Amino acid sequence: MNYIGSFFKDIYQKMAGSCDIVDCCFGLRPCHQCIFPCIKKCGYANRTVFYNYDGTESVEPLVDYFKPTNSLATKNLVRGMSLDKAVLKKGLTAVEQIAAVINFAHENELRVRAVGTGSSWSKLTNVRDILMDMTNLDKILKAEPQNEDGSIYHIEVQAGMKLHDLVREIDVKYGMSLPCMGNYAGQTIAGIISTSTHGTGQDYPTMSNFVVEIHMVIARGIQIKVRAAADGEEDEDFESVERRINAAKYGDAPLEIHSTDVFRAVAVGFGSLGAIYSVTLECVPVYNIEETRHYIEMDWPSDKQTGHFETPSELKELASGAGRYFSFFVNPFPRKSWQDADRTVLRSVYFSGERTDETGSCQCDCCMAFQCCVCTGCRGQSACQIVQTDCAATCLQIVANCLPSFIPSFADCGLHQFARDAPYIQKWYNVLTFTNGNLHLKTAEYCIPVEDMDNALKDIVRIMQDYGKLYRAYTLLPIYVRMVKADDLYLSPANRRRPDGKEVDRFCYIEVSFLPGAYGVDEFHRKVEDYMFKHYMARPHWAKNHFLNFNRVDKLYPELHKWKRVYLLFNSDGTFDNEFTRKVGFEDLRDCECSSEKEQRINHVNCSHRELCSETDQVSETVTQQPSRVNAAHAQNYQNELHTECLHNHHCTSNVSTVDAEVISSQPMKSAGDFLPSLTAENSSPPSLLTADSTVYTTSTEPTDKEVAQNADGASRTLETIV
């Protein structure tokens, strides 16, 4: 039986893997995406183009597209690299390959970005020079029990392993699981934690909090292992970490950093702090979930302005913690109630799960592989991987465009796929996962305090209705709402510290999704994000569709300054900067830091000049107040020398600022695509030194003979008067 199940499983996986080809051949997908699966494998002039998971963003690295592997590398890794022959003869391990490429980028002032499956639309994968595709690094490196009964394991996994593969492998090999996971399992492990992806489980924070240790490579090719300080362990402060990293050299053994401050920054780093090689996760024994899924109706107010909207008490009770794995879908199109035709309602399906020792339905290889509507151990028709394709989505979009009045019914049909009369019992990852990434939805998600859920949900539904009427653009998918526990990671959307200074213990995420090829998605998501920011200070999901800029990031994240310190240290030379860091303003953090240092240096020069001149005036006053027996000629020469020294020292200190400015302006650019500094008539000349009690000094010269003679003549007359 197991052999037969494995045989059918292989056939099924091949069929599911061919879905992209089916889409390509049918050519039905709008937005010029019909040939995406083909061009994804194509190259131009022997260069590979990287596409994000739905093909809407592409990356064309100018230097090279590099894929580190678990095999020893005995050749130069990227174009232009020339490693020592002894090093190549020995071979480079996977992490040494990553370090070598990053060090090469540092030496040649290039930009590097590590990417996985590209499950994002936020320009996270965009880079100009070297793109590192980590998907070949997909092994479990180590698994260690942390207590006597083996109920907690620390499992180290390489950054490029997909979540879908990880949860099944740790189940089979170690009987372990993660505390929870999201409904999409196509991301890599590094991508999940770097963007603070959350799961479906209101007793748990985002999945970045499941991390125990991160092994990564930062600027200059320095390897580090970062973990939060354990109980009873000394918590290293940032200044100590900074000194050690600045003293480290390429090729050194990985630095062990046990710092809660640094870990809270690294755990959500977007790939902007370095390239993650491996992640150590805290795992628990595998478990089953018994999930209840039921239809429920929400009364929708007829008065658009003053009408009150509130989720039913049943949902409120579950959202308050009664259901450990709780979430719900909402059809955003108001309909007449099935029970009472006088009521206008939003139709919804909720999911509430608890852990159970029951085994549920059949979990043999055959049933687990097919997960079709016939098998009792599945999520229904929606779980069929052949149905979850862009081809099926395109067909649905075409029908909806032809019959727009049926769009609410299509959304109801989607809800129907999830509702069940009987409880659904399965392994945890089969319950919580909706898709493995075959269906390329475009989605945005907003994190708000759970107490704002009702009002925010009402406002989003209103926006969807108004936008649809105005532009005839609708989504066929329901709104998805999930709960998470607050955390302390500096740039996690679920960070407990709110912009208004309050602290929140629990958040809800409201997700608005569109099928692939839908029209006007970006403009709609922008409209919703603007509204949610203005009224709720909502934090968008980092990996999903968002339009954040530095002004908003600065307002939304009160602990940005703590993250900034680590960013400037780990990415000190800008190796990991890209379109994403420019878009959200992280590169401005470095510019502000440089401007601050430059301003301090100029102020120091001004103070030094004033102090020097003040000392000269005091000495001159002492000389002129000497009694008559002082030799006039000697006094004259002494004061003349002091004045000359003052001018000479000012010339040197002024040139310090001038030389600094010239060095800064003459630095080579990071790459051909970097922005050149604007040279205008105002800033093309060397900087001036302006003090409150002096004139403006530019580049100084030595005093002329005429100036010395004039000063000497004045000093002589002064002494003659005294004598």
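All values reported here derive from a predicted model rather than from experimental measurement. We use all heavy atoms of the structure for the numbers below, so side chains are in, but hydrogens, waters and symmetry mates are not.
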Could you tell me whether Arg113 and Asp577 have a side-chain N and a carboxylate O separated by less than 4.0 Å?
-> no
Please determine if Glu559 and Arg497 form a salt bridge, counting it only when a charged side-chain N lies under 4.0 Å from a carboxylate O.
-> yes
Please say which of Ile102, Ile245, Val226, Asn571 ends up in a side chain to side chain contact (heavy atoms under 4.5 Å, CB included) with Ile218.
-> Ile245
Just checking, any donor-acceptor pair under 3.5 angstrom between side chains of Thr206 and Asp487?
-> yes
Are Arg482 and Glu445 within salt-bridge range, i.e. N to O under 4.0 Å?
-> yes
Looking at Lys316 and Glu314, does any basic side-chain N land under 4.0 Å from a carboxylate oxygen?
-> no
His215: ring-ring contact (aromatic ring centres under 6.0 Å, His included) partners, not counting sequence neighbours | Tyr277
Using 4.0 Å as the upper bound for N to carboxylate O, is an ion pair formed by Glu587 and Arg111?
-> yes
Partners passing side chain to side chain donor-acceptor pair (under 3.5 Å) against Arg539 (at least two apart in sequence or in another chain) = none
Working for side-chain contact (heavy atoms from CB on, under 4.5 Å), residues Phe586 and Leu560 = CA-CA 10 Å; Phe586 291 158; Leu560 176 63; 4.3 Å; yes
Do you know the tightest heavy-atom contact between Thr188 and Gly116?
-> CG2-CA, 3.8 Å
Might you work through the side-chain contact (heavy atoms from CB on, under 4.5 Å) test for Met181 and Thr200, ending with a clear yes or no?
-> CA-CA 6 Å; Met181 64 182 292; Thr200 304; over 6 Å; no
Decide yes or no on salt bridge (charged side-chain N to carboxylate O under 4.0 Å, His left out) for Arg128 and Glu60, but give the supporting numbers first.
-> CA-CA 7 Å; Arg128 289 286 306 186; Glu60 301 176 2; over 6 Å; no
With sequence neighbours left out, the residues meeting side chain to side chain donor-acceptor pair (under 3.5 Å) with Ser177 are none
Who pairs with Phe326 by ring-ring contact (aromatic ring centres under 6.0 Å, His included), at least two apart in sequence or on another chain?
-> Phe328
Listed partners of Tyr567 passing ring-ring contact (aromatic ring centres under 6.0 Å, His included), at least two apart | Trp563
Salt bridge present between Lys485 and Asp505 (N-O < 4.0 angstrom) | no
Using the ring of each side chain (for Trp, its six-membered ring), is Trp542 parallel, tilted or perpendicular to Phe270, with breaks at 30° and 60°?
-> tilted
Test applied, side-chain hydrogen bond (donor to acceptor under 3.5 Å, both in side chains); reference residue, His258; option that passes from Lys225, Glu233, Glu236, Glu213 | Glu233
Okay, side chain of Thr475, backbone of Ser513: is any donor-acceptor separation there less than 3.5 Å?
-> yes
Can Lys162 and Asp138 be counted as an ion pair, charged N to O under 4.0 angstrom?
-> no
CG of Leu491 to OG of Ser196, rounded to nearest 0.5 Å, is 9.0 Å
Using the side-chain contact (heavy atoms from CB on, under 4.5 Å) rule, take Val481 and Glu511 through it: C-alpha gap first, then chi angles, then the decisive distance, then the call.
-> CA-CA 6 Å; Val481 182; Glu511 182 176 11; over 6 Å; no
Please find out if less than 6.0 Å separates the ring center of Phe514 from that of Phe524.
-> yes
Side chains of Thr311 and Asp454: is there a donor and an acceptor less than 3.5 Å apart?
-> yes
For the pair Arg526 and Glu529, find out whether any cationic side-chain nitrogen is under 4.0 Å from an anionic carboxylate oxygen.
-> no
Examine the side chains of Gln158 and Ser278 and answer whether a donor and an acceptor come within less than 3.5 Å of each other.
-> no
Aromatic rings His546 and Phe580: how do their planes relate, parallel, tilted or perpendicular, breaks at 30° and 60°?
-> perpendicular
Tyr204 and His198: aromatic ring centres closer than 6.0 Å?
-> no
If the plane angle is over 60° it's perpendicular, under 30° parallel, otherwise tilted; pick one for Phe351 and Phe329.
-> perpendicular
May I ask you to test the Met298-Val345 pair for a side-chain heavy-atom distance under 4.5 Å?
-> no
Among residues two or more places apart or on two chains, list those pairs meeting salt bridge (charged side-chain N to carboxylate O under 4.0 Å, His left out) that have a residue in residues 182-205.
-> Asp203-Arg324
